[in-house]
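Here's the structure, in structure tokens; my notes come after.
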Amino acid sequence: MKEPDAIKLFVGQIPRHLEEKDLKPIFEQFGRIFELTVIKDKYTGLHKGCAFLTYCARDSALKAQSALHEQKTLPGMNRPIQVKPADSESRGEDRKLFVGMLGKQQTDEDVRKMFEPFGTIDECTVLRGPDGTSKGCAFVKFQTHAEAQAAINTLHSSRTLPGASSSLVVKFADTEKERGLRRMQQVATQLGMFSPIALQFGAYSAYTQALMQQQAALVAAHSAYLSPMATMAAVQMQHMAAINANGLIATPITPSSGTSTPPAIAATPVSAIPAALGVNGYSPVPTQPTGQPAPDALYPNGVHPYPAQSPAAPVDPLQQAYAGMQHYTAAYPAAYSLVAPAFPQPPALQQQQQREGPDGCNIFIYHLPQEFTDSEILQMFVPFGHVISAKVFVDRATNQSKCFGFVSFDNPASAQAAIQAMNGFQIGMKRLKVQLKRPKDANRPY
DNA sequence: TGTTATT
């Protein structure tokens, strides 16, 4: 009946006594009319002096627009008739592009040059933060949808700009509706929940907010009782026990002697352990970063007799790791049964934006097992203090961990404790490198 | 060594 690319027109400056039947003859000369509706007040039903008009053919609309818009004045009106695409039709959304993965230094002009070959540009703006720094993305509005589409076809993914982490993104900009959804999803993410609940309530209301907060609280409370130490216990256990073929930690620790003997470990399903630790290649025998066997090699089960806290200068990192963990293993032996009681730290956020803490509170962790995710490093470091943020870097293309990450605490002492305890901590063939995060402007120390 | 951003 009507062409898929038909245009809905807004017609303005119509005398209020003219109804559809009166208007039809005026517009029919440009083509067959699909729909013509005089706009009336929603409540009073009063004629508002304008109408929506859709022709069956797109071409008819274009003809009517060029012949009538601002060209004639209907009897009794003192301004010329308006005939143009309705706001609802386009408002520019279907010809406006979102451009991502720009370099931070690209200006409006740079972007404009890149898009000019595809058509006439109505506007072109690089998005900038309050301080004027580029957000690495821009909006480009063409005069037509076709021009915009052509730019997408040619430019999207076509190149990687200097300073960008991935190839150029060129797509139609979000509509207003999509922006609303996006906002809601962001709120939901911050509250650590999945989006469907938020989406069920189309409107963003106080009620929705309250509900989401309540849900978030439930999730947090639940997680506090849900074996938060499984991963950490597993990390420790790989220092202490071999994993046998049937998938159970079958080797109980026999206290050799001394003060730093961990509690015995009950048989524990390997499924509770991160995949990294359930495979071969994770030696329970620590080695020095130099590659020399550590003194611990004398104690193949990983338990060594000397005191956990030694004032002597060169201390085996593993021993320090033990020392760092001792405080909670002692307090929470039940961690080994993977049914830990409520955790002493404030409940960690389930999800968060990557966030830096204050100076001296952010640590960088390298040589993470490939399989470690945010939640594994969170659990690894939560014994040392309140973790604001725990983030493993993931390659966006492959979704693979880059084997490094960040943990932010809310105070420098926790960060120092974590570094002391975990730097050099051996997992499998690798030892963690744990340092304060390098400030942005610092030169590479190595 | 905090990554993809939506006027």
Side-chain angles (χ1 to χ4, degrees), chain A residues 91-106 108 111-112 121-141 148 152 156-157 160-187 189 349 351-368 372-374 377-378 381 387-409 415 418-419 423 432-446:
Chain A
R91 216 175 45 256
E93 299 290 1
D94 69 336
R95 52 193 179 97
K96 180 183 285 182
L97 300 177
F98 172 81
V99 184
M101 287 289 93
L102 294 169
K104 296 280 189 225
Q105 73 300 338
Q106 315 226 34
D108 290 5
V111 176
R112 181 181 286 271
I121 295 172
D122 273 1
E123 64 183 65
C124 173
T125 323
V126 169
L127 269 56
R128 298 179 184 281
D131 59 351
T133 61
S134 164
K135 292 188 174 178
C137 56
F139 288 107
V140 175
K141 191 197 271 186
I152 291 176
H156 179 65
S157 267
T160 300
L161 271 10
S165 64
S166 176
S167 62
L168 190 64
V169 172
V170 183
K171 50 194 278 220
F172 288 112
D174 281 358
T175 63
E176 200 135 342
K177 228 175 251 169
E178 289 165 327
R179 278 163 62 191
L181 284 180
R182 180 188 297 277
R183 263 198 302 278
M184 216 179 285
Q185 301 224 27
Q186 275 168 358
V187 171
T189 300
L349 293 174
Q351 293 270 81
Q352 75 274 303
Q353 305 291 83
Q354 72 284 3
R355 262 190 60 201
E356 287 190 54
D359 269 7
C361 300
N362 308 296
I363 61 175
F364 169 71
I365 306 115
Y366 196 41
H367 300 313
L368 289 168
F372 268 40
T373 67
D374 293 357
I377 58 167
L378 169 64
F381 285 93
V387 174
I388 310 177
S389 159
K391 196 92 204 142
V392 171
F393 253 53
V394 168
D395 184 292
R396 302 209 92 98
T398 66
N399 239 9
Q400 296 280 295
S401 161
K402 293 189 171 173
C403 297
F404 71 85
F406 300 90
V407 170
S408 297
F409 293 97
I419 291 168
N423 187 36
L432 295 183
K433 173 163 145 185
V434 184
Q435 323 174 312
L436 277 184
K437 173 180 138 52
R438 202 164 64 201
K440 285 183 187 45
D441 51 357
N443 295 323
R444 295 185 59 90
Y446 303 113

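First the proteins, then the strands, lettered A, B, ... as listed; each starts at 1.
Residue contacts for A/Lys171: at a heavy-atom cut-off of 4.0 Å it reaches a base atom on one of the strands shown. Residue-level contact check: A/Val392 touches the bases, meaning some heavy atom is under 4.0 Å from a base atom. Among the heavy atoms of the strands, none lies under 4.0 Å from A/Ser134. Residue A/Thr125 is classed as having no contact, given no heavy-atom separation below 4.0 Å to the nucleic acid. Across all strands shown, A/Asp395 has no heavy atoms under 4.0 Å from either base or sugar-phosphate atoms.
Rounded to whole angstrom, the span from the CG atom of A/Asp122 across to the C1' atom of B/dT7 amounts to 15 Å. B/dG2 atom P lies 14 Å from atom OH of A/Tyr366, rounded to whole Å. For the pair A/Arg128 CZ and B/dT6 P, the computed distance is 15 Å after rounding to whole Å. Summarising the geometry, the separation between CZ on A/Phe393 and P on B/dT1 is reported as 9 Å, rounded to the nearest angstrom. If you measure from atom CG of A/Leu161 to atom P of B/dA5, you get 18 Å, rounded to the nearest angstrom. Distance, A/Asn362 CG to B/dG2 P: 11 Å, rounded to whole Å. Atom CD in A/Gln435 sits roughly 11 Å away from atom P in B/dT1 (whole-Å rounding). Following rounding to the nearest Å, A/Leu432 (CG) and B/dT1 (P) show an atom-to-atom distance of 17 Å.
Between the base of B/dT6 and the side chain of A/Lys96 there is no donor-acceptor pair shorter than 3.5 Å.
Relative ring orientation between A/Phe364 and A/Phe404 is described as tilted, the plane-to-plane angle lying within the 30° to 60° band.
When distances run from any side-chain atom of A/Arg182 to the nucleotides B/dT6, B/dG2, B/dA5, the shortest one goes to B/dT6. The listed nucleotides are B/dG2, B/dT4, B/dT1; the one nearest the side chain of A/Lys391 is B/dG2. Ranking B/dT6, B/dT4, B/dT7 by closeness to the A/Arg179 side chain, first place goes to B/dT7. Distance from the side chain of A/Val169 is smallest for B/dA5 among the nucleotides B/dT7, B/dA5, B/dT6. In the set B/dT7, B/dG2, B/dT4, B/dT4 carries the atom at the smallest distance from any side-chain atom of A/Ser165. Set against B/dG2, B/dT4, B/dT1, the side chain of A/Phe404 has B/dT1 as its closest nucleotide.
Remark: ring of A/Phe139 stacked against base of B/dT7; centroid gap under 5.5 Å, plane tilt under 30°.
In this structure, A/Pro358 and A/Phe409 approach most closely via the heavy-atom pair CD-O, 4.0 Å.
No side-chain heavy atom of A/Val140 sits less than 4.5 Å from a side-chain heavy atom of A/Asp122.
For A/Ser157, the side-chain contact (heavy atoms from CB on, under 4.5 Å) partners at least two apart in sequence or on another chain are A/Ser167. Remark: A/Asp359 engages no residue in a side chain to side chain donor-acceptor pair (under 3.5 Å) (not counting sequence neighbours).
A side-chain donor-acceptor contact under 3.5 Å links A/His156 to the backbone of A/Val170.
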